[in-house]
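Reviewing the structure listed below.
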Amino acid sequence: MSKRIEAKYKINRRLGANLWGRSKSPLNKGHENPPGQHGQRRKKPSDFGTQLMAKQKLKGYYGNIGEKQFRKLYDEAVRRRGDTSENLIELLERRLDAVIYRMKFAPTPFAARQIVNHGHVRVNGKRVNIASFQVKDNDVVSIKEKSRDMALILEAAQSTERDLPEYLSVDHKEMKGTFVRAPKLADVPYPVQMEPNLVIEFYSR
């Protein structure tokens, strides 16, 4: 679990973006400056600063992934054929915690990671408790039967704050869904603009 889970909305303020599009975000209440005493004095960022901000936004969005894990995903994205930035988005979206969040089985990526870590999730009928597990095309992801009445999961499933993307097929009555295909950047319903190309620039400097 990320150490910043209790202060996750500080990430929003630091990056100046309502990362998860949630109504509770401090940015919806006029707190637009970064947290801290000198938050209002920030200058326009350099190219390096812009690239770093793009990386922090992407890492933060997926539950504040650790640098080591994120770098590993970048290395894999480079290794694969095709557009590296599109590969990176695909790898992030294939993470089991991201899939649980996308399928609306959790209200936030942080909660999705917790649900996975605590053993509430099945992939093709088998228990998987590793948040970074890579879900494949046509894998069936479900919430285990005994966990389907958890308030957190039921509230997330009924929430109208987010829409289900086309690359997933979900049945909220059965609490299961299928990862249909790999998404492109344009398919992913980010509430804010993500710039994975700047993330690639940051690491390839």
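Only this structure's heavy atoms are used, side chains among them; waters, hydrogens and symmetry mates stay out. Note that the structure is predicted; figures quoted are calculated from it, not measured. Counting from 1, the numbers follow the sequence of the chain as shown.
If you take CE on Met53 and CG on Leu58, they are separated by 14.0 Å, rounding to the nearest 0.5 Å. Note that CG of Leu96 and CG of Asn117 are 9.5 Å apart. Values are rounded to the nearest 0.5 Å. Here Arg205 contributes atom CZ and Leu52 contributes atom CG; the two are 9.0 Å apart, rounded to the nearest 0.5 Å. With rounding to the nearest 0.5 Å, the separation of NZ in Lys176 from CG in Asn124 is 11.0 Å. Atom CG of Asp97 and atom CD of Gln114 lie 12.0 Å apart (nearest 0.5 Å). For the atom pair CD of Gln69 and NZ of Lys59, the computed distance is 10.5 Å after rounding to the nearest 0.5 Å.
Under a 4.0 Å N-O distance rule, the pair Glu67/Lys55 qualifies as a salt bridge.
Ile89 and Tyr203 fall within a single hydrophobic cluster, where Ile, Leu, Val, Met, Phe, Trp and Tyr side chains are chained together by heavy-atom contacts under 4.5 Å. Ile143 and Leu154 end up in the same hydrophobic cluster when Ile, Leu, Val, Met, Phe, Trp and Tyr side chains are linked at under 4.5 Å. Placement of Val140 and Leu168 in two distinct hydrophobic clusters is found when ILVMFWY residues are connected by side-chain heavy-atom separations under 4.5 Å, directly or transitively.
Looking at Met175 and Ile153, their side chains come closer than 4.5 Å, going by heavy atoms from C-beta outward. Looking at heavy atoms from C-beta onward, Ile200 lies out of side-chain contact with Val78 at the 4.5 angstrom threshold. Between Asn138 and Phe179 there is no side-chain heavy-atom pair separated by less than 4.5 Å. Taking the side chain as every heavy atom from C-beta outward, Phe70 and Leu92 approach each other to under 4.5 Å. A 4.5 Å side-chain heavy-atom check between Val116 and Ile130 finds every atom pair outside the cut-off. In this structure the side chain of Val141 never reaches within 4.5 angstrom of the side chain of Thr178, judged on heavy atoms.
Listed for the Asn197 side chain is no donor-acceptor partner under 3.5 Å among the backbone atoms of Ser85. No donor-acceptor pair closer than 3.5 Å links the side chain of Glu155 to the backbone N or O of Pro107.
In this structure, Asp75 places its CG atom where more than 12 heavy-atom neighbours from other residues, nucleotides or ligands lie under 6.0 Å away. Residue Asp47 places its CG atom among 12 or fewer non-hydrogen atoms of other residues, nucleotides or ligands, all under 6.0 Å distant.
Between Phe48 and Phe202, the ring planes lie tilted relative to each other; the angle falls in the 30° to 60° range.
With sequence neighbours excluded, the residues satisfying salt bridge (Lys or Arg N to Asp or Glu O under 4.0 Å) with Glu76 are Arg79, Arg80. Partners of Glu93 under the salt bridge (Lys or Arg N to Asp or Glu O under 4.0 Å) rule, at least two apart in sequence or in another chain, are Arg102. For the salt bridge (Lys or Arg N to Asp or Glu O under 4.0 Å) test, no residue two or more places apart in sequence or in another chain qualifies with Asp171.
Considering all non-hydrogen atoms of both residues, Arg113 and Ala131 come closest at CG-CB, 3.7 Å. Nearest approach of Ala111 to Leu152, heavy atoms of both residues: CB-CD2, 4.1 Å. A pairwise comparison of heavy atoms in Gly119 and Lys144 identifies O-CD, 3.7 Å as the closest pair. In terms of heavy-atom proximity, Gly63 sits nearest to Pro109 at N-CB, 3.7 Å. The nearest pair of heavy atoms linking His120 to Ser147 is ND1-OG, 2.7 Å. Across every non-hydrogen atom of Ala106 and Arg162, the tightest pair is O-NH2, 2.8 Å.
Sequence neighbours left out, the pairs with a member in residues 123-175 that pass ring pair (Phe, Tyr, Trp, His ring centres under 6.0 Å) are Phe105-His172. A salt bridge (Lys or Arg N to Asp or Glu O under 4.0 Å) check over residues 124-140, counting only residues at least two apart or in different chains, returns the pairs Arg94-Asp137.
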Tabulate below the donor-acceptor pairs under 3.5 Å that side-chain atoms of residues 183-194 make, not counting sequence neighbours, or state none.
{"from": "Asp187", "atom 1": "OD2", "to": "Arg181", "atom 2": "NH1", "distance (Å)": "3.1"}
{"from": "Asp187", "atom 1": "OD2", "to": "Lys184", "atom 2": "N", "distance (Å)": "2.9"}
{"from": "Tyr190", "atom 1": "OH", "to": "Tyr62", "atom 2": "OH", "distance (Å)": "2.6"}

Might you work through the side chain to side chain contact (heavy atoms under 4.5 Å, CB included) test for Asn129 and Val121, ending with a clear yes or no? CA-CA 7 Å; Asn129 61 357; Val121 176; over 6 Å; no
